[in-house]
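Computation of the quantities below employed the complete heavy-atom set of this structure, encompassing side-chain atoms and omitting hydrogens, waters and symmetry-equivalent molecules. In each ligand, atom 1 is the first atom listed, and ligand 1 is the first ligand listed.
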Amino acid sequence: MEITIALAGNPNSGKTTLFNALTGSSQRVGNWPGVTVDKKVGKLKKYKDVAVIDLPGVYSLSPYTLEEVVSRDFLINEKPDAVINLVDGTNIERNLFLTTQLLDVGIPVVVALNMMDAVKKAGDRIDTEKLSGLLGCPVAEISALRGDGLSDLARIAVETAQAQSKTTKSAEASLAAAPAVSGGRFSEPTETALRALAELIRAYTSPETRRWYAIKLFERDEKALALLGLPATVAAEAEGLIALCEETLDDSSESIITGEAYVYVSRITDACVEKVQVEMSASDKIDAIVTNRWLGIPVFVAAMFVVYFVSVTTVGTFVTDFTNDMVIGGGIQAPLAEFLLSVGTAEWLTGLVVDGIVGGVGAVVGFLPQLLILFFFLAILEDCGYMARVAFLMDRVFRKFGLSGKSFIPLLIGTGCGVPGIMAARTIEQRRDRRMTIITTTFMPCGAKLPMIALIAGALLQNAWWVAPSAYFLGFASVVVTGVMLKKTKPFAGDPAPFVMELPPYHFPTASNIGHSMLERASAFAKKAATVYTLASILVWFASSFGFDGDGAFGMAQDLNSSVLYYIGNSFAWIFSPLGFGDWQPAVASVMGLAAKEDVVAVFGILTSIGDADAAFSLAETADMAALAPVAALFSGPLAAYAFLAFNLLCAPCFAAMNTIRQEMRNPRWTLAAIGYECGFAYVVALLIYQFGCFFGGRGFTAGTAAACVLLAALLFLMFRPAPKYKKEHPHAASHS
Ligand code: GDP
Ligand code: MG
């Protein structure tokens with residue numbers, strides 16, 4: 001018979017570390033049915049048929065956040081055989097709050113007291129036997145990071161789970177066991193009320209879950225009560241009991257439970273934990289500098305500069321160029337083309353395979369070495385505990401416009417490449433904040449957009465110094481505006497989760513954690529290159545290589561002007577007219593930009609016969625205005641060119657990043673909403689820039705100006721209207737009305 005053990009604990013208690021250590025390589029990551037919260041399942045090492053399920057990190061089992069609901073639904077509905085409750089030993093008092101709630105659920109709990117290495121190092125002492133006695137459940141000391149005590153923990157958990165699956169067969173046994181395990185935690189009046197409520201709902205509950213439901217009934221937890229479906233008479237009787245207790249203790253039932261649980265927890269910690277009062281630890285000393293109000297940000301900028309300098313400019317560029325030119329270009333493409341032609345493959349087929357598939361996929365895979373280096377550094381910064389500090393530091397800033405500090409890291413990584421940036425949003429545990437971050441990450445100009453910025457600046461804006469910084473400013477401003485606007489809509493309403501993350505003490509990163517994290521990110525990237533990107537490359541290659549010749553016959557196109565792409569481009573170029581670039585070339589460039597943002601430059605290069613992307617880019621870098629004149633001729637002027645730039649910076653990212661959005665949203669509707677929002681927002685911004693630019697440039701008031709005024713007014717309204725009140729923001733309102 002298969003045994004299921006759930007892993008529950010606060011965020012940052014070491015769940016991921018423990019889960020990886022317990023399950024080794026057998027894990028699968030999926031989705032909880034119907035919701036986009038990570039579901040990790042693995043097999044317990046060295047035991048047959050024991051599944052370990054990693055529940056989302058939560059501070060309690062209240063019904064207010066999605067993670068909490070997912071966790072408690074799983075415990076109540078799926079009834080795992082045991083719960084391993086990970087408790088951070090360095091922060092035992094906060095962590096035990098969840099423990100008390102888990103004990104109430106009626107599933108056997110094994111407390112895994114984690115970070116014992118840190119506890120011992122600090123010189124603190126925890127009396128685990130006493131703790132076990134007071135809680136009424138086994139307690140195992142472990143260090144997930146070092147692997148200490150894990151086999152004992154696994155054995156105790158399996159034994160507990162097996163004992164459980166035997167006793168459930170006899171309801172009597174667990175009925176007798178239940179109160180002994182979890183009774184007597186609250187004050188006398190509360191316990192009396194709970195006993196009476198438990199009696200009242202006897203017919204509607206099983207013995208194991210009776211106390212849990214009694215507590216939930218007492219708290220007037222609507223979500224839990226919906227499951228019970230009590231008749232009105234019983235509910236009314238329960239209400240009487242609750243009101244009586246509330247009167248006796250002069251508090252609302254929900255805060256009675258919370259308040260008394262805290263009292264209980266601090267009684268336990270007082271009895272079992274002996275903390276040494278030390279002067280500042282090394283970790284605290286580092287934090288005094290790193291999270292300092294004034295020094296924090298400069299230190300961070302310096303750290304990031306080093307990471308980017310190494311991974312993007314020096315070593316990174318070197319390995320990327322090497323892979324692109326030597327391995328993919330010289331090592332694969334050239335010999336492959338030669339081989340295919342020599343065995344008599346048709347020219348178009350050779351083109352498709354060599355340029356379309358290998359070239360297209362290769363361009364993405366060519367990024368991989370660089371990304372690996374970036375991932376390596378980021379994994380180190382993350383694992384040693386620094387990223388937690390950065391998020392903490394940025395929280396002060398980001399909270400002002402409705403994002404949490406954790407959104408900062410994806411944005412930062414997004415300036416290199418949107419793909420890992422979007423993936424980095426995974427660390428944000430609250431779903432609505434994660435979605436918002438995914439939507440906004442690619443507003444930041446990524447590395448692939450830089451050639452486009454250089455080209456436009458060089459061709460039409462006299463290579464003005466402000467163009468590149470303005471792109472970053474525009475990106476960041478779009479994040480802020482979006483944050484402010486969306487926070488006032490229902491799906492995003494509510495403050496970002498309070499930043500209660502514990503800052504774990506610094507420690508040396510472990511090779512296995514870093515390996516894991518690099519591998520996870522890199523394989524997600526490689527998978528994408530193999531699927532979506534291949535398809536996109538093939539499509540784009542076909543559209544740009546085939547077309548109608550002068551006689552209307554279909555075949556290999558002579559040039560882009562007779563390609564299918566030309567016709568496609570012309571069919572929708574009008575859409576961009578209000579933005580100032582309604583010709584087919586910029587329209588096609590924008591669409592090709594969806595395959596890869598570098599393609600924007602490539603399209604201009606080909607269309608103006610300047611040469612390929614490399615040639616166009618080097619011209620742009622030298623800002624040779626004369627040589628770039630053909631590009632300039634595609635636009636009506638600098639204003640239209642800047643609007644074009646703004647649109648392409650902010651609109652949907654490349655296919656690779658869009659696919660990452662799809663993977664991370666794990667929901668088609670949200671994926672479409674995200675991409676649609678990005679395109680719509682880009683359109684509005686570009687339109688505002690172009691139309692107001694024209695108006696202030698002396699064109700006079702036109703229909704376009706009127707449209708811009710309306711859009712601006714709408715934007716300002718959405719930003720500055722008072723936040724509507726949504727029920728979500730007042731979790732307690734229902735229980736008091
Ligand atoms: P999660 O948020 O619960 O998944 O926690 P993680 O597994 O990501 O761990 C949070 C931090 O605590 C990471 O930096 C871990 O390396 C660190 N950590 C986990 N277990 C231990 C441990 O036993 N001892 C120490 N010193 N650090 C640990
Ligand atoms: Mg985790």
Chemist: Just to be sure I'm reading this right: ignoring hydrogens, which of Arg146, Lys40, Met115 gets closest to atom 18 (N) of ligand 1? Compare them by their nearest heavy atoms.
Modeler: Met115
Chemist: Show the atoms of ligand 1 that are less than 4.0 angstrom away from any heavy atom in Asp383.
Modeler: 14 (O), 16 (O)
Chemist: To which of Asn20, Leu150, Asp117, Asn513 does the heavy atom nearest atom 26 (N) of ligand 1 belong?
Modeler: Asp117
Chemist: Can you sort out the partners of Asp117 under salt bridge (charged side-chain N to carboxylate O under 4.0 Å, His left out), two or more places apart, ordered by chain and number?
Modeler: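 Checked Asp117 against salt bridge (charged side-chain N to carboxylate O under 4.0 Å, His left out); matches are Arg146.
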Chemist: Non-hydrogen atoms of Gly57 versus ligand 1: any pair closer than 4.0 Å?
Modeler: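 Contact absent.
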Chemist: Thinking salt bridges, do Lys120 and Glu141 make one under a 4.0 Å N-O criterion?
Modeler: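 So Lys120 pairs with Glu141 through a salt bridge.
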Chemist: N/O to N/O below 3.5 Å, does that happen between Gly14 and ligand 1?
Modeler: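 N/O-N/O distance under 3.5 Å: yes.
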Chemist: So, Lys43 and Glu2, do they make that salt bridge, N to O below 4.0 Å?
Modeler: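 Salt bridge between Lys43 and Glu2, a charged N being under 4.0 Å from a carboxylate O: yes.
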Chemist: Within a distance under 4.0 Å of any heavy atom of Lys15, pick out the atoms of ligand 1 and give their elements.
Modeler: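 Close to Lys15: 1 (P), 3 (O), 4 (O), 5 (O), 7 (O).
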Chemist: Taking atom CZ of Arg125 as the centre, does the number of heavy atoms from other residues, nucleotides or ligands within less than 6.0 Å exceed 12?
Modeler: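 It does not: Arg125 CZ has 12 such atoms or fewer within range.
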Chemist: Taking distance alone, with no angle check, do Ala144 and ligand 1 share an N/O pair under 3.5 Å?
Modeler: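 Yes.
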Chemist: If I take atom SG from residue Cys272 and atom CG from residue Leu113, how far apart are they, to the nearest 0.5 angstrom?
Modeler: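 One finds 10.0 Å between SG of Cys272 and CG of Leu113.
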Chemist: Consider side-chain hydrogen bond (donor to acceptor under 3.5 Å, both in side chains). Of Asp104, Asn10, Asn85, which one does Thr99 pass it with?
Modeler: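 The single option meeting the side-chain hydrogen bond (donor to acceptor under 3.5 Å, both in side chains) with Thr99 is Asn85.
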Chemist: Using a strict 4.0 Å cut-off to heavy atoms of His507, name the atoms of ligand 1 that fall inside it.
Modeler: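 Atoms satisfying the 4.0 Å criterion: 14 (O), 15 (C), 16 (O), 17 (C).
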Chemist: Side chain, backbone, both or neither: which part of Asn114 has a heavy atom under 4.0 Å from ligand 1?
Modeler: side chain
Chemist: Ignoring angles and geometry beyond distance, decide whether Met116 reaches within less than 3.5 Å of ligand 1 through its nitrogen or oxygen atoms.
Modeler: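 No; every N/O pair is 3.5 Å or more apart.
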Chemist: Tell me the nearest of Leu113, Asn12, Leu7 to atom 2 (O) of ligand 1, using heavy-atom distances.
Modeler: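 Heavy atom nearest to atom 2 (O) of ligand 1 belongs to Asn12.
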Chemist: Show me which atoms of ligand 1 lie under 4.0 Å from any heavy atom of Asn10.
Modeler: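 It comes down to these atoms of ligand 1: 3 (O).
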Chemist: Just to verify, what does Glu129 make a salt bridge (charged side-chain N to carboxylate O under 4.0 Å, His left out) with, not counting sequence neighbours?
Modeler: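 By the salt bridge (charged side-chain N to carboxylate O under 4.0 Å, His left out) rule, Glu129 matches no residue at all.
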Chemist: In terms of atom number and element, which parts of ligand 1 are under 4.0 angstrom from non-hydrogen atoms of Ser143?
Modeler: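 Counting from 1, the qualifying ligand atoms are 22 (C), 23 (O), 24 (N).
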Chemist: What verdict does the ring-ring contact (aromatic ring centres under 6.0 Å, His included) test give for Tyr264 and Phe186, after you've listed the backbone C-alpha separation in whole Å, the side-chain angles of each residue and the deciding distance to 0.1 Å?
Modeler: CA-CA 7 Å; Tyr264 173 75; Phe186 301 105; 7.7 Å; no
Chemist: Where do Thr441 and Gly421 come nearest, in terms of heavy atoms and distance?
Modeler: CG2-C, 3.9 Å
